[in-house]
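Just follow the structure's listing: the first ligand is 1, and inside any ligand the first atom is 1. We're numbering straight along the sequence, starting at 1.
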Amino acid sequence: MPPAHWSPYIEWAKLHSPGAFNLATSGVKHVSLAELGATIDDVELSGTSLYGYGPLLERVAAKVGVSPAHVVLAAGTSMANHLAMAALLDPGDEVLVERPTYEPIIGTAAYLGARVVRFDRRPGDGFRIDVDAVRRALTPRTKLIVIANLHNPSSALTDRATLQALGRAAEHVGARVLVDEVYLDAVFDQTPPSCVHLGPVFVATSSLTKVYGLSGLRCGWIACEPRLAHDVWRLNDLFGNIPAHPAERLSVIAMDRLPRLLARAQALLAANRTLLDRFLASRRDLDGTPPRFGTTACPALRLGEVDRLCAILRERYDTTVVPGRFFELPGHIRIGLGGETTPLAEGLRRLGAALDDLAREG
Ligand SMILES: Cc1ncc(COP(=O)(O)O)c(C=O)c1O
């Protein structure tokens with residue numbers, strides 16, 4: 001019997017996604033302590049973390065472009081999403097979540113007792129948000145609309161006008177819009193400001209996990225209007241209370257080195273995107289426009305079953321991609337392009353070989 005509340009996707013990602021050629025990732029390759037330029041002397045065990053460790057709070061606020069009163073620090077975007085939803089949703093409330101979505105979003109909303117209602121982002125439409133479809137799904141009981149920008153799994157970017165339209169639709173029924181921006185900085189030179197600048201109806205979450213390769217720091221945050229931020233800090237006293245101070249110290253160092261870490265990610269993704277674009281252009285059995293931004297792509301299979309492809313890929317080629325069923329896209333696969341370039345090239349070659357094998361099986 002599975003537990004009452006769980007994420008099949010996260011369990012799969014932890015137990016089954018690793019392979020010699022892992023194309024199932026969504027972040028940029030991890031930064032080591034040495035690459036960060038930090039040493040054990042930078043770490044201290046205890047500090048003054050009450051409602052945020054001051055030096056870190058200031059840096060996160062400066063990065064987002066708001067005052068510290070708008071920021072709540074959290075253990076990764078995961079906990080930021082959980083806290084934001086826990087603060088905004090009561091049992092029986094409706095939450096409108098994009099489909100496909102990052103699965104823990106719906107798991108968390110259900111765990112909180114909310115009624116999860118969906119609206120579709122269609123592959124044939126570039127995974128664009130159809131604001132009319134969102135409007136149609138809103139009811140007086142809707143308390144929250146949740147999207148990711150960039151979108152996971154497609155990496156589609158939602159533009160300012162669409163966000164503003166979502167904000168107006170939410171305001172109309174007294175709801176808010178939670179935007180998970182964990183991939184947003186992977187737009188690089190054209191990265192738009194956080195949605196929190198579009199008005200108090202917006203709540204943004206993010207972290208240093210994906211684009212900066214710093215998952216281990218668990219440096220995440222919520223940016224929102226100060227009254228809500230105050231309430232989320234108090235709610236957090238019931239969850240984690242005080243974070244691990246060594247991670248806060250290292251996060252301050254990382255925050256001071258973000259431009260260098262961003263340049264690292266940009267160079268890596270530019271090289272890898274060229275490989276992925278070439279690969280997708282060479283495969284008539286995969287359907288999907290290569291994403292312009294971000295760290296993942298999710299083409300559809302034109303022939304055969306995704307589960308069979310994934311089995312061949314693992315058994316014969318020691319390579320993994322994410323089966324689309326974890327994103328409610330059973331005919332798709334998600335390919336991550338944030339890993340090192342040489343293994344990525346080999347992983348794509350193996351994916352091509354597995355697709356050829358699948359075609360031979362008919
Ligand atoms: C949309 C989205 N939000 C949040 C997370 C988790 O982020 P973090 O590691 O910062 O908790 C992921 C990880 O895949 C994600 O895809």
Table please: side-chain donor-acceptor pairs of residues 83-92 below 3.5 Å, with sequence neighbours left out.
none

Which pairs of donor and acceptor atoms, one on a side chain in residues 248-256, lie under 3.5 Å apart (sequence neighbours left out)?
unit_1	atom_1	unit_2	atom_2	d
Glu248	OE1	Ser49	OG	2.3
Glu248	OE1	His245	ND1	3.0
Glu248	OE2	Ser49	OG	2.9
Arg249	NE	His245	NE2	2.9
Ser251	OG	Ala247	O	2.7
Asp256	OD1	Arg59	NE	2.8
Asp256	OD2	Arg59	NE	3.4
Asp256	OD2	Arg59	NH2	3.4

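Tyr51 carries Arg234 over the face of its six-membered ring, with the cationic atom under 6.0 Å from the centre and within 45° of the normal.
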- Message: I'd like to know whether Tyr183 forms a ring pair (Phe, Tyr, Trp, His ring centres under 6.0 Å) with Phe293, so could you lay out the CA-CA distance, the side-chain angles of the two residues, the decisive distance to 0.1 Å, and finally the verdict.
- Response: CA-CA 9 Å; Tyr183 300 105; Phe293 308 113; over 10 Å; no
- Task: In sequence, state the C-alpha distance, the side-chain angles, and the governing distance for Asn241 and Asn236, and then conclude on side-chain hydrogen bond (donor to acceptor under 3.5 Å, both in side chains).
- Result: CA-CA 6 Å; Asn241 194 358; Asn236 184 54; over 6 Å; no
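In terms of the side-chain contact (heavy atoms from CB on, under 4.5 Å) criterion, residue partners of Ala229 (sequence neighbours excluded) are, by chain and number, Val72, Cys224.
Under 4.0 Å from any atom of ligand 1, one finds heavy atoms of residues Ser26, Gly76, Thr77, Ser78, Tyr102, Asn152, Asp180, Val182, Tyr183, Ser207, Thr209, Lys210, Arg218.
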